[in-house]
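Here is how names work: the chains are called A, B, and so on, in the same order as the sequence lines, proteins then strands, and each is numbered from 1. Hydrogens, waters and symmetry mates are skipped; everything else that's a heavy atom, side chains included, is used.
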Amino acid sequence: MRMTRLFGRTLREAPSDAEFASHQLLLRGGFVDQLAAGVYSYLPLGSRVKRRAEQIVREEMDRAGAEEVLLPAIHPVELWERTGRDQAFGETLFVVEDRRSRRLVLAPTHEEVITRLFAGHARSYRDLPVTLYQIQTKFRDEARPRGGLVRVREFTMKDAYSFDLDEGGLDESYDAMYRAYQRIFDRVGIPTVAAEADSGAIGGKGSQEFLFLTRIGEDTVLLCDCGYAANAEKAEFVRQPSGDEVPRPLEEVETPGVTTIEGLAAFLGVEAERTAKAVFFTATWADGREQPLFAVLRGELQVNEVKLANAVADDGSPPRLRPMTDAEVADAGLVAGYASPIGVGRGVRVVADLSIPGSPNLVAGANREGIHLRNVNFGRDWEAEVADIALAEPGHLCARCAGAGTEGRALRSEHGIELGHVFRLGRVFTESLRVSVLDEQGTQRVPTMGCYGIGVDRLVAAAVEAHHDEHGIIWPATLAPYDVHLVALGASRDAAVAEEADALFEELRVAGLDVLYDDRDESPGVKFADADLLGLPVRLTVSSRNRREGVVELRVRAGAESERIARDAVVARTAELHAAETGALNGAQASARL
RNA sequence: CGGGGAGUGGCGCAGCCUGGCAGCGCACCUGACUGGGGGUCAGGAGGUCGCAGGUUCAAAUCCUGUCUCCCCGACCA
């Protein structure tokens with residue numbers, strides 16, 4: 001491609017709306033253009049990068065045995081009502097009306113449609129297992145798009161769905177996708193961590209996220225040196241006992257005006273972990289039923305609402321939680337600031353965190369204004385269902401490596417961008433949409449599903465986030481919009497330079513390389529600055545000076561030095577470099593992760 | 001949805017407080033010079049100052065409303 005013909009131009013200054021390096025560089029380089037909040041156009045350069053990313057994803061899906069399909073992006077809303085996910089997605093769902101006032105969903109994901117498609121074409125175990133995928137535009141009316149391409153409202157996703165007869169089959173399908181994901185992230189040169197995750201609105205049981213760790217990431221992941229990695233919503237940790245003494249008699253203590261754990265600990269001169277914290281929520285289930293929830297944790301811990309919702313889930317479907325209103329608190333017979341797990345009224349569901357049973361003699365509320373209780377003991381003074389409902393925080397001990405002789409190492413916390421997510425979905429959709437196939441015995445069986453997503457736009461953004469310097473992007477060879485940046489200096493003054501650059505352009509292309517040829521009549525500074533900004537892996541410079549010496553200058557974008565290569569060796573050398581770089585990425589083992 | 005910030009040529013900004021000619025840098029066009037890290041000079045084109053209403057002889061500027069974008073939070077496969 002000749003740059004004189006390339007649509008799009010570079011900017012010296014980034015638009016002030018862009019905060020992240022990836023966003024700024026993609027805008028400055030003319031890769032993308034913003035149309036509205038979370039809505040972007042891809043210019044020719046950006047489009048090529050995206051296409052290369054998609055192709056890598058496609059190749060790995062095919063290699064893993066998945067078959068490509070293409071599903072509609074607009075769905076009758078009734079299909080979403082059948083699974084209840086019109087409610088689950090809520091306002092995130094884009095809904096439009098057609099001319100006959102029928103409501104249609106702009107698809108945010110495709111479990112419903114793929115399940116229906118499967119149901120219509122699969123009849124027996126002979127049709128299984130099968131994994132179908134597509135690369136397609138998704139629509140989600142995010143409450144707050146942000147960070148350039150990191151959270152957008154219209155985006156390209158590779159989504160795959162597996163169907164198996166039993167758990168063993170699902171495990172195999174899931175593992176195949178998991179390995180394909182590792183290969184994909186290796187090939188695009190983005191280091192990722194696979195973290196255990198909550199399944200969210202998609203439902204199902206068991207999922208892992210592939211995260212690119214970066215300060216700008218929206219997700220928080222907890223990591224342990226033992227290899228454990230989990231999303232903050234999911235991370236498990238060890239509760240260390242806060243005391244081992246025998247239960248002492250319950251006693252009241254006056255605590256006027258002390259309504260917070262910090263205040264209580266300070267007032268009584270005890271550690272926060274010697275107190276019990278009460279948090280109240282109103283749970284709303286899919287059928288509209290509401291129930292007051294009373295969560296009890298040791299004072300130093302925070303409630304993890306996702307865990308809490310899962311702990312009280314009904315049939316695998318967790319309620320939505322919201323803090324109780326003051327009126328609801330009063331209705332439940334609770335005294336805010338002094339709520340006590342002892343003597344909670346009927347109708348209020350009490351859930352105690354794992355930390356509670358191992359913590360004797362806690363200070364808790366008395367459910368009377370200005371009074372707390374000392375020496376509250378779980379089991380003696382009160383009972384409740386016990387579950388893991390606390391948020392893991394840095395410094396907490398890893399639950400995975402605890403027990404095996406050690407007490408567990410301290411977790412650390414990092415931010416990350418979720419690039420991919422693999423779910424063991426189970427039978428949520430096949431059951432709600434009444435799908436079954438015949439097994440070998442001729443009996444109806446409900447297939448079990450997995451679903452697997454990759455955000456292609458995020459892949460592009462993460463690649464830039466992972467690979468750039470103060471001058472611009474440093475594309476991994478497998479994603480670069482072109483392989484070679486050919487710069488001709490002073491071609492307008494020296495016809496021989498133009499001639500040599502034109503010839504080289506042609507020879508490189510014949511050698512199978514994609515070349516971006518800077519044939520503009522610009523000063524060397526402008527051309528080099530643009531080459532650095534655009535970030536192609538290899539830059540070749542043809543000039544009068546080089547030509548006189550019979551050389552072409554070669555510079556690897558990721559490196560510091562440039563080499564002078566004999567004119568007749570430069571094509572071979574460039575092709576060799578390109579092959580080495582792409583080969584290294586494409587053949588990379590799943591190593592550099594974590 | 002709550003809180004904060006911002007809308008002035010394609011990009012970055014000044015002008016607004018104190019109403020009175022729409023400006024600067026970059027980018028763009030023409031010409032000349034220059035020629036290895038965003039070069040110089042000369043001449044140009046391009047803006048209903050987000051939108052609507054109001055105040056005023058006069059509004060980018062003051063007032064009211066509204067829309068959009070960005071950031072923090074809530075939410076989020």
Side-chain angles (χ1 to χ4, degrees), chain A residues 8-20 23-24 27-30 33-39 43 85 88-93 107-111 138-148 150-153 155 157-161 197-204 207-211 216 218-220 231-233 305-306 320-323 417-423 425 451-455 458 470-472 487-494 497 518 520-533 539 541-548 553 555 562 564:
Chain A
R9 72 176 61 257
T10 57
L11 297 174
R12 285 203 192 184
E13 296 180 274
S16 59
D17 281 348
E19 287 226 325
F20 302 151
H23 193 196
Q24 293 183 346
L27 287 170
R28 281 188 55 207
D33 181 82
Q34 180 172 8
L35 178 64
V39 183
L43 280 71
R85 289 215 302 172
F89 269 91
E91 298 207 301
T92 303
L93 208 58
T109 178
H110 281 78
E111 284 78 9
K138 301 284 190 271
F139 301 89
R140 295 186 189 179
D141 194 2
E142 296 290 350
R144 177 146 105 80
R146 73 186 92 182
V150 172
R151 178 164 295 271
V152 293
R153 299 193 292 171
F155 59 101
M157 185 190 215
K158 185 287 299 177
D159 46 326
Y161 307 89
D198 183 72
S199 305
I202 288 282
S207 78
Q208 286 165 293
E209 293 178 346
F210 287 82
L211 297 146
I216 70 165
E218 294 186 277
D219 293 302
T220 302
N231 188 302
E233 294 173 345
E305 292 189 30
V306 174
R320 283 184 173 276
L321 301 185
R322 61 176 168 76
I417 297 174
E418 179 188 354
L419 299 179
H421 205 154
V422 291
F423 292 83
L425 202 47
C451 71
Y452 318 92
I454 286 184
R458 283 185 179 179
E470 66 272 30
H471 302 296
V487 176
L489 294 186
S492 61
R493 279 171 294 124
D494 185 344
V497 167
D518 191 347
R520 300 173 302 171
D521 188 14
E522 290 287 355
S523 71
V526 169
K527 292 191 170 197
F528 290 147
D530 278 347
D532 287 346
L533 175 61
R539 186 183 84 195
T541 305
V542 175
S543 70
S544 305
R545 203 170 78 186
N546 288 338
R547 219 188 62 78
R548 277 196 299 276
E553 183 183 325
R555 182 164 174 146
S562 58
R564 298 149 74 74

Interface polar pairs with nucleotides 67-70 of chain B, N/O, under 3.5 angstrom:
residue, atom, partner, partner atom, Å
C69(B), OP1, A37(A), N, 3.0
C69(B), O3', Q34(A), NE2, 3.4
C69(B), O2', D17(A), OD2, 2.6
C70(B), OP1, Q34(A), NE2, 2.9

Can you pull every protein N or O that's under 3.5 Å from an N or O on nucleotides 25-27 of chain B?
residue, atom, partner, partner atom, Å
G25(B), N2, E13(A), OE1, 3.3
A27(B), OP1, R12(A), NH2, 2.9

Could you run down the sub-3.5 Å N/O contacts of the protein with nucleotides 6-8 of chain B?
none

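Put simply, the side chain of R458(A) gets close to the backbone of E418(A): a donor and an acceptor are under 3.5 Å apart. Looking at E142(A), its side chain never comes within 3.5 Å of a backbone N or O of R144(A) through a donor-acceptor pair. With T92(A) contributing its side chain and R140(A) its backbone, the two residues share no donor-acceptor pair below 3.5 Å.
For R539(A) and G37(B), a side-chain-to-base donor-acceptor distance below 3.5 Å is present, hydrogens and geometry of angles not being considered. No donor-acceptor contact under 3.5 Å links the side chain of R520(A) to the base of G38(B).
Distance noted for atom P between C51(B) and G31(B): 36 Å (whole Å). Rounded to whole Å, the C1' atom of C62(B) lies 16 Å from the corresponding atom of C57(B). G7(B) and G47(B) have their C1' atoms separated by 14 Å, with the value rounded to a whole Å. To the nearest whole angstrom, the two P atoms, one in U48(B) and one in G43(B), are 25 Å apart. Comparing the P positions of U66(B) and G2(B) gives a spacing of 12 Å, expressed to the nearest Å. When the C1' atom is compared between G38(B) and G25(B), the two are found 13 Å apart, to the nearest whole Å. Taking atom P in both C16(B) and A27(B), one finds a spacing of 28 Å when rounded to whole Å. Of the C1' atoms belonging to U18(B) and G10(B), the separation is 33 Å, rounded to the nearest Å.
Taking R146(A) as the reference, E218(A) meet the side chain to side chain donor-acceptor pair (under 3.5 Å) condition, with sequence neighbours excluded. With sequence neighbours excluded, the residues that form a side-chain contact (heavy atoms from CB on, under 4.5 Å) with T220(A) are A232(A), S413(A), H415(A). Residues meeting the side chain to side chain donor-acceptor pair (under 3.5 Å) test with Q208(A), sequence neighbours left out: Y174(A). Scored by the side-chain contact (heavy atoms from CB on, under 4.5 Å) test, A491(A) finds A488(A), V497(A), A498(A) as partners (sequence neighbours excluded). Scanning for side-chain contact (heavy atoms from CB on, under 4.5 Å) contacts around S543(A) gives L489(A), R545(A), N546(A), with sequence neighbours left out. Remark: S492(A) pairs with D521(A) by the side chain to side chain donor-acceptor pair (under 3.5 Å) rule, at least two apart or across chains. Contacts of D141(A) classified as side chain to side chain donor-acceptor pair (under 3.5 Å), with partners at least two apart in sequence or in another chain: R153(A). Remark: D518(A) engages R520(A), K527(A) in a salt bridge (charged side-chain N to carboxylate O under 4.0 Å, His left out) (not counting sequence neighbours). Applying the side-chain contact (heavy atoms from CB on, under 4.5 Å) test to L93(A) and every residue at least two apart in sequence or in another chain returns W80(A), D86(A), F89(A), V95(A), V105(A), P108(A).
Nucleic acid contact class of F20(A) (heavy atoms, under 4.0 Å, all strands): none. At a threshold of 4.0 angstrom between heavy atoms, the contacts of D530(A) include nucleobase atoms, whether or not backbone atoms are also involved.
In this structure, of G36(B), C11(B), G35(B), it is G36(B) that holds the atom nearest to the side chain of R545(A). Checking G37(B), A77(B), G35(B) against every side-chain atom of R493(A), the shortest atom distance belongs to G35(B). Checking G12(B), A77(B), G36(B) against the side-chain heavy atoms of R458(A) singles out A77(B) as nearest.
The CZ atom of R322(A) sits 20 Å away from the C1' atom of G73(B) (whole-angstrom rounding). In this structure, D532(A) atom CG and G38(B) atom P are separated by 12 Å, rounded to whole Å. Summarising the geometry, the separation between CG on L419(A) and C1' on A77(B) is reported as 13 Å, rounded to the nearest angstrom. Between R555(A) atom CZ and G36(B) atom P there is a gap of 16 Å when expressed in whole angstrom units. Residue D521(A) contributes atom CG, which lies 11 Å from atom P of U30(B) at whole-angstrom precision. In this structure, the CD atom of Q24(A) is 12 Å from the C1' atom of G12(B), given to the nearest Å. Whole-Å rounding puts the R151(A) CZ to A74(B) C1' distance at 13 Å. What separates CZ of F89(A) from C1' of C76(B) is a distance of 9 Å, to the nearest Å.
Side chains of D532(A) and R539(A) form a contact here, defined as non-hydrogen atoms less than 4.5 Å apart. T541(A) is not listed as a side-chain neighbour of R555(A), based on a closest heavy-atom distance of 4.5 Å or more.
The partner of A6(B) is U68(B), judged by Watson-Crick or G-U wobble contacts that both fall below 3.5 Å. A 3.5 Å limit on both hydrogen-bonding distances identifies no Watson-Crick or G-U partner for U56(B). Searching all strands for a Watson-Crick or G-U wobble partner of C13(B) with both distances below 3.5 Å returns G23(B). Remark: G31(B) base-pairs with C41(B); criterion is Watson-Crick or G-U wobble with both hydrogen-bond distances under 3.5 Å.
Taking for each of H471(A) and T92(A) the nucleotide of RNA chain B with the nearest heavy atom, the 5'-most of the two is the partner of H471(A). Between E418(A) and L489(A), the residue anchored nearer the 5' end of RNA chain B, judged by the nucleotide with its closest heavy atom, is L489(A).
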